[in-house]
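Written below as structure tokens is the structure these notes are about.
For ligands, and for the atoms within them, numbers begin at 1 and follow the listed sequence. Values in this document were obtained by computation on a predicted structure and should not be read as measured data.
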Amino acid sequence: MTFKDTGLSEKVLAAVEAAGYTTPTPIQAQAIPHALQGRDVLGIAQTGTGKTAAFVLPMLSRLEQGRARARMPRTLILEPTRELAAQVEENFLKYGVNSRLNVALLIGGVSFADQEAKIMRGADVLIATPGRLLDFFERGKLLLQGIEILVIDEADRMLDMGFIPDIEKICKLVPFTRQTLFFSATMPPEITRLTEAFLHNPVRVEVARAASTATTITKALVASAGGGAKRETLRRLIRGAENLKNAIIFCNRKRDVAILHKSLTKHGFRAGALHGDMDQTARMASLEGFKTGDVDLLVCSDVAARGLDIPDVSHVFNFDVPTHAEDYVHRIGRTGRAGRSGTALTIVTRDDTKYVDGIEKLTAEKINWMGGSLDDIVETEDQGDERRSRRRGEGSRGGRPERGRSDRSRGRNREPESAARAERFARAEQAADEQPREERPAREERPARAPRPTREVRAEEQPRYEQPRAAQPTGDRRRPDRRRHHDDDDTPVVGLGDHVPSFLLRPVRLPTKAVAVED
Ligand code: AMP
């Protein structure tokens, strides 16, 4: 099948040819003809399959007729993260060169005023993260009754990040007669329910899930003690790596991304960071720096890095073993692309064996140890204590939740119920870690109006006495651990460090008598 056979317009075909693509990928070949006919599409595909073009190209063709009106976008694309939204915008610019359409981006971390001006001008395509979109809508700055096509992308990641109530709300705000193009890598029950409620007789298009990893990738496990020793292990691997051109380093928590980034920089590496707590400009700068080669190492969290199209990475390091085996496949898929060779090294501590088992089961592949197994690891007394207390749930210097890991090397297994609970907790924490700031505009960006009753505001809503300063970190009460545990051995914490307990910020009302005496 060629792109011509899909029924795309001449203008779009010319742009696809100019982009250098000759053959549609399976998701494109299957989805585009139906999308062009106005059918709802349920696409089960993950990033890397060409799914963005699978909705962008037919949208461009369909948008050639008609014009946008002020504040009334014609199409709406929902993305879970700002980076993915920006990436979709790039796709519109690339494939829409012959189309002269107005594309607006509504994402957190960017000034309201600029975004409002674009909406006022009339947007043919509006690409948004759910929180910022609802913010605009509830302030009356945006009308959704002109939406002809609604795209919901990365639905399962939206679920992980707690966006499903927002998605449901948005689906009810757009016209019933719109066309819906819905994409998800997996179909958990919540997502199936959503599609049943909001898609009309959809065409189901499915491309193979990535449960296998490319054969061009050399994979290995590297045993390490925890804490600071783990950073030392990573430095040793980076220094000793053959043909290292650049590397993405994955951490499970965004606070660990920040710590590791700081530590690597301090040790003289050219490193950038990407996590959900960084402001948008910093995130874009990190990404750009990595793409252009200004930095060789990019330390990332899964959510921030998900779906990013970064070509030609020579190495992937898993500083933490991912708790979800599928994330391993996504992570290491960053290297060894397009037939190139790549290396993926995963640092494993004694607490991680359960997750390694999960990965080997999913990929049906045994990963070899490099330089000795966990049995060869000698822990210092402190490291052993830390690990044991972490397992008992006593909290650690690293602030990690107890995760119910099995200890294969000692033949001990935790009972499945508590392990499952612990994993759910780890997953929730991971998602919550990224979510609130993805969406929440900086406090100073908000006009001084009564807060609207949506998720972001709820996240900020605290008793008055608990939010006396703009500079105070915005409180996310869903997050299990709001305290910063500075587990970076490189940076000793002085006093309370960055953390100011909220009780210290409460205004104190002095008894009237006492005030009178002082006066
Ligand atoms: P996506 O799954 O949308 O993130 O796309 C992954 C990568 O595939 C991007 O770098 C696209 O530019 C590229 N791509 C999209 N469509 C095609 C195609 N038909 N042929 C080759 N590469 C493509």
Side-chain angles (χ1 to χ4, degrees), residues 1-9 12-33 35-36 41-61 77-97 103 125 127 151-158 181-186 205-214 216 246 248 274 287-288 290-292 300 302-313 316 326-327 329-340 342:
M1 189 185 210
T2 64
F3 274 108
K4 222 175 179 137
D5 302 326
T6 58
L8 290 167
S9 74
V12 177
L13 285 174
V16 170
E17 200 181 324
Y21 300 134
T22 48
T23 318
T25 64
I27 185 86
Q28 291 164 1
Q30 293 177 66
I32 293 174
L36 284 171
V41 173
L42 167 57
I44 303 168
Q46 57 195 23
T47 45
T49 55
K51 76 173 163 63
T52 316
F55 60 82
V56 170
L57 299 179
M59 283 175 80
L60 283 167
S61 276
I77 300 168
L78 296 174
E79 292 288 338
T81 66
R82 303 166 190 177
E83 280 79 11
L84 279 171
Q87 209 162 278
V88 171
E89 186 189 30
E90 278 172 25
N91 271 258
F92 269 100
L93 301 179
K94 178 162 78 178
Y95 301 122
V97 279
V103 180
V125 180
I127 308 162
V151 178
I152 299 169
D153 194 18
E154 300 269 340
D156 51 353
R157 187 50 58 152
M158 301 261 200
L181 308 175
F182 190 103
F183 292 87
S184 189
T186 56
V205 173
E206 193 162 353
V207 296
R209 254 176 71 196
S212 59
T213 54
T216 49
N246 56 5
I248 300 185
L274 198 64
L287 203 53
E288 200 50 32
F290 189 66
K291 282 182 177 172
T292 57
C300 296
D302 284 293
V303 177
R306 176 145 175 145
L308 295 184
D309 189 21
I310 305 169
D312 202 12
V313 174
V316 166
E326 278 181 23
D327 284 341
V329 180
H330 286 300
R331 287 180 181 188
I332 77 163
R334 305 271 150 196
T335 185
R337 288 189 154 199
R340 291 191 187 92

Polar contact flag for Ala53 and ligand 1 (N/O pairs, less than 3.5 Å): no
Could you tell me, atom by atom, which parts of ligand 1 come under 4.0 Å of a heavy atom of [X]?
X     : answer
Thr52 : 1 (P), 3 (O), 4 (O)
Phe3  : 19 (N)
Thr25 : 17 (C), 18 (C), 19 (N)
Thr23 : 18 (C), 19 (N), 20 (N)

Region of Thr22 that comes within reach of ligand 1 [heavy atoms, distance under 4.0 Å]: neither
Side chain, backbone, both or neither: Gln87 near ligand 1, heavy atoms under 4.0 Å: neither
Donor-acceptor under 3.5 Å (Gln28 side chain, Gly50 main chain): yes
N/O donor-acceptor pair under 3.5 Å between Ser184 side chain and Asp156 backbone: yes
Rounded distance [0.5 Å steps], CD1 in Ile332 versus CG in Asp327: 12.0 Å
Nearest-0.5 Å distance that lies between atom NZ in Lys51 and atom CD1 in Ile44: 13.0 Å
Closest non-hydrogen atom pair, Pro24 against Thr6: CG-CG2, 4.4 Å
Nearest heavy atoms of Thr49 and Ile27, plus distance in Å: O-CG2, 3.3 Å
Contact check, Lys94 vs ligand 1, heavy-atom distance below 4.0 Å: yes
Residue among Val151, Val205, Leu42, Asp153 satisfying side-chain contact (heavy atoms from CB on, under 4.5 Å) with Leu181: Val151
Residue selection (non-hydrogen contact nearest atom 12 (O) of ligand 1) among Tyr95, Tyr21, Phe55: Tyr21
